[in-house]
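As the structure lists them, so they are numbered: ligands from 1, and atoms in each ligand from 1.
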Amino acid sequence: DRWYKMAVTNNVKADLYNVDMGKAITPEMVDAALATGQYDLIAVQHNETSTGITNPIEEIAEVVNKYKDVIFCVDAVSSAGGAKIEVDKLGIDILITSTQKALGLPPGMAICTFSERAIKRAETVEFRGTYFDLLAMYKYLKKKNYQYPSTPSLSHMFAMDYQLDNILKEGLDKRFKRHEQMANLVRAWAQKHFELFTDKNHLSNTLTVIKNTQNINISQLNSKLMEKGMQIANGYGDLKEKTFRISHMGDYQLEDIQYLLDTIDEILGF
Ligand SMILES: *Cc1c(COP(=O)(O)O)cnc(C)c1O
């Protein structure tokens with residue numbers, strides 16, 4: 001929905017393909033759409049933050065890569081830094097992410113990777129905007145003098161430099177494993193007291209969406225949690241109060257998640 005909105009509000013023709021909330025995008029769906037030959041670009045969610053889905057990006061990539069002229073864009077805003085995404089191996093042309101999710105930094109800077117193919121394609125696009133003109137950025141980047149066409153959020157860049165060192169110090173595999181372990185903790189708790197909202201074959205390792213089968217007052221629970229400096233997220237959009245979301249991404253440790261779950265138990269009298 002977000003990609004689609006971004007396209008149409010920028011006067012780029014687009015079609016929206018979606019699935020029921022809580023289900024994953026299938027490689028078959030992607031194949032059927034691209035087989036029409038109508039598209040020169042596809043944008044896919046990696047991790048769907050409103051429903052707790054991680055789409056099967058490897059299988060989707062396999063399909064997309066059959067279509068040589070299709071540019072492959074991936075939104076990994078809520079997964080990059082918390083789950084493995086082999087950008088080059090999967091042939092992802094543009095992957096976008098952000099500072100404030102699994103990278104564990106304050107909000108305010110968007111980050112993307114881009115391929116040579118993406119640059120070549122950008123060269124064919126007349127209206128590329130000003131502040132986000134990939135070609136202008138690439139021109140500066142190639143000079144390796146650490147300048148940008150406009151003033152970037154330098155404070156975020158320094159923070160990210162520091163944080164990326166921390167991430168490498170932890171080790172990528174260990175970091176991804178920690179996310180999986182935190183997810184397992186939350187899933188087990190959710191299944192004990194509630195139900196998982198999301199298709200169990202495609203559960204996200206960075207957040208869990210839980211069906212509010214006990215009809216608890218989520219806003220009230222949150223106010224109580226806030227007294228102890230914690231917060232969970234209500235369901236997104238139509239899913240508000242029907243579901244709630246627990247994030248387990250970034251620099252949280254297993255003990256932090258356990259403490260959150262214990263505190264919820266205490267508040268709800270479980
Ligand atoms: C958070 C998020 C975004 C960015 O949303 P904001 O409007 O910047 O909050 C985009 N995609 C996904 C999957 C996200 O989780």
Taking 4.0 angstrom as the limit, do [X] and [Y] come out as a salt bridge?
X: Glu227; Y: Lys224; result: no
X: Arg117; Y: Asp69; result: no
X: Asp133; Y: Arg128; result: yes

- Can you spot which of Met182, Lys174, Glu180 makes a side-chain contact (heavy atoms from CB on, under 4.5 Å) with Arg178?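 That would be Met182.
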
- Message: Go through it in stages, so that I can follow the logic: the residues are Leu207 and Lys101, the test is side chain to side chain contact (heavy atoms under 4.5 Å, CB included), and I'd like the CA-CA distance, side-chain angles, deciding distance and then a yes or no.
- Response: CA-CA 10 Å; Leu207 90 155; Lys101 306 265 170 92; over 6 Å; no

- Message: For Thr54, run the side-chain hydrogen bond (donor to acceptor under 3.5 Å, both in side chains) check against Asn205, Thr206, Asn47, Asn201 and tell me which one passes.
- Response: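 Only one option passes, and that is Asn47.
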
- Who are the residue neighbours of ligand 1 when the rule is a heavy atom under 4.0 Å from any of its atoms?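 If the criterion is a heavy atom under 4.0 Å, then ligand 1 touches Arg2, Gln45, Asn47, Thr49, Asp75, Val77, Ser78, Gln100, Lys101.
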
